[in-house]
Amino acid sequence: MTFKHNFKKVLSATAFAAALVVAPAANVSAATNDASSTQQSATATSQDQQASQDQAASQSSAANQSSATAASASASTSTSSATSTSTVKKTTKKAKKTTKKKATKKAKKTSKKSTKKTTKAATAAVTASAGQSQATDQQDDAAKKAAEAAAKKAAAAKKAAAKKAAAKKKAAAKKKAAAKKKAAAKKKAAAKKKAAKKKAAKKSAEKAAKYWIAMRESGGSYTARNGSCYGRYQLLISYLGGDLSKKNQERTADRYVYGRYGSWVNAKRFWLAHNWY
């Protein structure tokens, strides 16, 4: 019964070790724990086998080797136990080696992944920093452009206001000049009108004075004669130059009066003072 029990333990340990070799470890910690458990199992199995061998030897000595068959079976069991122990050790060693390789490989993979993750994070941080810097630059550019646009708008508004003021001033000056011109024209027209009126009055006075002298000299007759004087204005016949017509008498009388007195009014004034002209 003890032999069978020990043999079952050996087979369980062997199967467990084989399962460790075939099945991949989920992680490094689990593989290491499994390897440790396998080693402990193998150690316990070896101790049990040793105790079993000691007990078998004691029983064999007490019975004085009563049965050759039992001795042969005991020897066969010892050989099988030794072989199983060797197999377990090899399996454990292989499992440890495999576990170690897997752990190293996984650690490298984890380290590589961690490095990659760190690099990615650093790259992301640099990219974020660059993006933030670019965003800041864009904001600065936008602010600069806005300031330039505002300055340009202010300059345009100032220019437009100056232009409007200049146009207003020019319009006022033009209006003032027009008003001045209009006033001058009005004044000129008034002066002209006054001059025309004065001229008309003078003409009328001249005409009246001429008529007055004619009536005093000849009664208004173009054929009146008094010695060497002839006509409406009683001019010397020599002044008429042989032309006794009305037209020549008017022309000659005007030439004489304007040449001597400057006007018929002055001639009338002289006539009133001297009773002749």
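Small disclaimer: the values here were computed from a predicted structure and weren't measured.
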Return the minimal non-hydrogen interatomic distance between [X] and [Y], and the atom names on each side.
X	Y	result
L240	N248	O-ND2, 2.9 Å
G231	Q249	CA-OE1, 3.3 Å
C229	L236	SG-CD2, 4.0 Å
Y261	A267	CD1-CB, 3.7 Å
K268	I213	N-CD1, 3.7 Å

Fill in: Distance-only side-chain donor-acceptor flag, S263 / N266, under 3.5 Å
yes

Worksheet, complete the sentence: Here the gap from R232 atom CZ to M215 atom CE, rounded to the nearest 0.5 Å, amounts to 7.5 Å

Practice prompt. Hey, could you give me the OH/NZ distance between Y233 and K210, rounded to the nearest 0.5 Å?
Written response: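 The distance works out to 4.0 Å.
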
Practice prompt. Look at the rings of Y256 and Y277 and say which category their plane angle falls in: under 30° parallel, 30 to 60° tilted, over 60° perpendicular.
Written response: perpendicular

Worksheet item: Which word best sums up how the rings of F270 and W276 line up, parallel for under 30°, tilted for 30 to 60°, or perpendicular for over 60°?
Response: perpendicular

Fill in: Hydrophobic cluster membership, Y211 vs L272, 4.5 Å side-chain cutoff
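They do not share one cluster, since no chain of ILVMFWY contacts under 4.5 Å joins Y211 to L272.
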
Side-chain donor/acceptor pairs under 3.5 Å, residues 180-190, sequence neighbours excluded:
none

Item to complete: Take atom OH of Y258 as the centre, draw a 6.0 Å sphere, and report whether it contains more than 12 heavy atoms from other residues, nucleotides or ligands.
Response: yes

Discussion item. Could you check whether atom OH of Y239 has more than 12 heavy atoms from other residues, nucleotides or ligands sitting under 6.0 Å from it?
Written reply: no

Worksheet item: Looking at side-chain heavy atoms only, is the closest gap between K202 and E206 below 4.5 Å?
Response: yes

Item to complete: Under the side chain to side chain contact (heavy atoms under 4.5 Å, CB included) rule, what do R255 and R251 come out as? Steps first, then yes or no, please.
Response: CA-CA 6 Å; R255 186 167 57 245; R251 183 169 56 243; 4.0 Å; yes

Response to the item:
residues 214-227 vs side chain to side chain donor-acceptor pair (under 3.5 Å), sequence neighbours excluded, gives E217-W271, S221-T223, Y222-E250

